[in-house]
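In what follows, a single structure is set out as structure tokens and then discussed.
So that the names make sense, note that chain A is the first sequence line, chain B the second, and so on, each numbered from 1.
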Protein chains: 2
Amino acid sequence: MSDDAEQLRADARENRNRILEVAREAFTRRPEASLNSIAKAAGVGAGTLYRHFPSREALLAGVYRKEIEELAALAPALVLQHPPMKALGLWFERFTEASGIKHGVGETLHAAVSEQDMRDTFGILKEAVGRLLFACEQAGKIGPGIPPEDVLVLLSSVLRIAPTAEGRQQARRIQDLIVRGITAGEATVQR
Amino acid sequence: MSDDAEQLRADARENRNRILEVAREAFTRRPEASLNSIAKAAGVGAGTLYRHFPSREALLAGVYRKEIEELAALAPALVLQHPPMKALGLWFERFTEASGIKHGVGETLHAAVSEQDMRDTFGILKEAVGRLLFACEQAGKIGPGIPPEDVLVLLSSVLRIAPTAEGRQQARRIQDLIVRGITAGEATVQR
DNA sequence: ACCTGAACACCGTTCAAGT
DNA sequence: ACCTGAACACCGTTCAAGT
């Protein structure tokens, strides 16, 4: 929602956007692309890139922020259009499919503890999942008090899976397992 | 089980072991420790390290192999000593606790598709989980045909969690969610 | 205010030369 | 048969000098 590029001088904002464009491309091609190479491709000095994005993670967050915000915004929309459990399932699928999310969320989750930028982005996703879970809860489909962040951590495991045909099947199976876990409520967990 | 250092000349085997020792220490302190610094600390040339471990991942696998093998060996032992579901729960806890596993398995899972070393190590863990699941299945506690690799991928998500007190609680909750997902058998997954 | 790009210390990796 | 360590190309990051 917030633009993050509001009070910038015209040339600075242009640079910022160009960096984000180039970075998105570069990361899609090769997730380990160097920041120097991105700066060069964007036609800016290395220092400029570092001024806008002080760390690799900050750049990642910048690149995928829009995508993540869209994904989050989808949650309430799905809740309106579908029965709660169906909405949850559909959102899970979207989460897995969103290609950019792969890198973006992975890093976000990983760094959510330390980096501030990340906490924000993570918070957006957490809220989205919370909304979905709440709807399911209201409908009596799941037990109360399942922390959205737990679901998100669990869901993040599918991001590691390679995007082969086989991998996609596995991702689907894993999504189902998560849904079942949520659905089961108080089950026979033994210690 | 296999030693991996069988047919080596005496000095080579010594070097190999020293590298593994130093690397374990270094990775524990700082997961991104450079390979050059490890070589130096181990008192060997960089080339020697690369001869033994051609990639960072190979070194990680070497470092954590023993630990992973022990964890895997624990599975059948637990099955003999406890009811199946309890054995599963205990093994999950051990998996989460094993500190070295954190780095080792994370990388292993990530690279399991490409690297051969990794496939082997991953296979060992997969077999262990398979054993646990089979016991639960035999006891009629879970549905049949849950792929061990799915459980492992899911379980790997807890490895990202920071080892704070709060984090440990979350890890525990997530383990429970996984167990519930497995237990639920065919549930109300909607599409 | 913002940008450039040379400079620094360090990285992974290779390979000729040694034993 | 194995090891050393200098060398290479590249990395992230900083910062004086420019506009």
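Between A:Leu154 and B:Ser157 the shortest heavy-atom distance is CD1-OG, 3.6 Å.
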Donor-acceptor pairs under 3.5 angstrom involving side-chain atoms of residues 143-153 of chain B: please list them, not counting sequence neighbours.
| unit_1 | atom_1 | unit_2 | atom_2 | d |
| --- | --- | --- | --- | --- |
| B:Asp150 | OD1 | A:Gln170 | NE2 | 3.0 |
| B:Asp150 | OD1 | A:Arg173 | NH2 | 2.9 |
| B:Asp150 | OD2 | A:Arg173 | NE | 2.6 |
| B:Asp150 | OD2 | A:Arg173 | NH2 | 3.4 |

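Note on B:Leu90 and B:Ile182: same hydrophobic cluster, where clusters join Ile, Leu, Val, Met, Phe, Trp and Tyr whose side-chain heavy atoms are under 4.5 Å apart, directly or indirectly.
Comparing B:Ala46 and A:Arg51, the nucleotide of DNA chain C nearest to each residue sits closer to the 5' end for A:Arg51. DNA chain D is contacted by both B:Arg9 and B:Gly47; B:Arg9 maps to the nucleotide lying nearer its 5′ end (nearest heavy atom per residue).
Residues meeting the side-chain hydrogen bond (donor to acceptor under 3.5 Å, both in side chains) test with A:Arg29, sequence neighbours left out: none. For B:Arg51, the side-chain hydrogen bond (donor to acceptor under 3.5 Å, both in side chains) test picks out no residue, with sequence neighbours left out.
Chain A approaches DNA chain D over the interval D:dC11 to D:dC15, counting the first and last nucleotide 5' to 3' with an atom under 4.0 Å from its heavy atoms.
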>> Show, in sequence, the C-alpha distance, side-chain angles and deciding distance for B:Arg131 and B:Glu127, and conclude whether the salt bridge (Lys or Arg N to Asp or Glu O under 4.0 Å) test is met.
In response: CA-CA 6 Å; B:Arg131 191 95 167 219; B:Glu127 209 182 326; 5.7 Å; no
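Side-chain atoms of B:Phe95 and B:Leu159, non-hydrogen and from C-beta on, do get closer than 4.5 Å to each other. The shortest distance between side-chain heavy atoms of A:Tyr50 and A:Leu35 falls below 4.5 Å.
Checking side-chain atoms of A:Trp91 against main-chain N and O of A:Leu71 turns up a donor-acceptor pair under 3.5 Å.
Between the CG atom in B:Asn17 and the NE2 atom in B:His52 there is a gap of 9.0 Å [rounded to 0.5 Å].
Within the 4.0 angstrom heavy-atom criterion, base atoms lie near B:Thr48. A:Ala12 comes within 4.0 angstrom of the backbone, heavy atoms only, and of no base.
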> In dot-bracket notation, what is the pairing pattern of DNA chain C, taking Watson-Crick (N1-N3 plus N6-O4 or O6-N4) and G-U wobble (N1-O2 and O6-N3) contacts under 3.5 Å, with [ ] crossing and | for other strands?
Replying inline: ||.|||||...|||||.||
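Within residues 35-45 of chain B, the residues having any heavy atom under 4.0 Å from DNA chain D are, by residue number, B:Gly43, B:Val44, B:Gly45.
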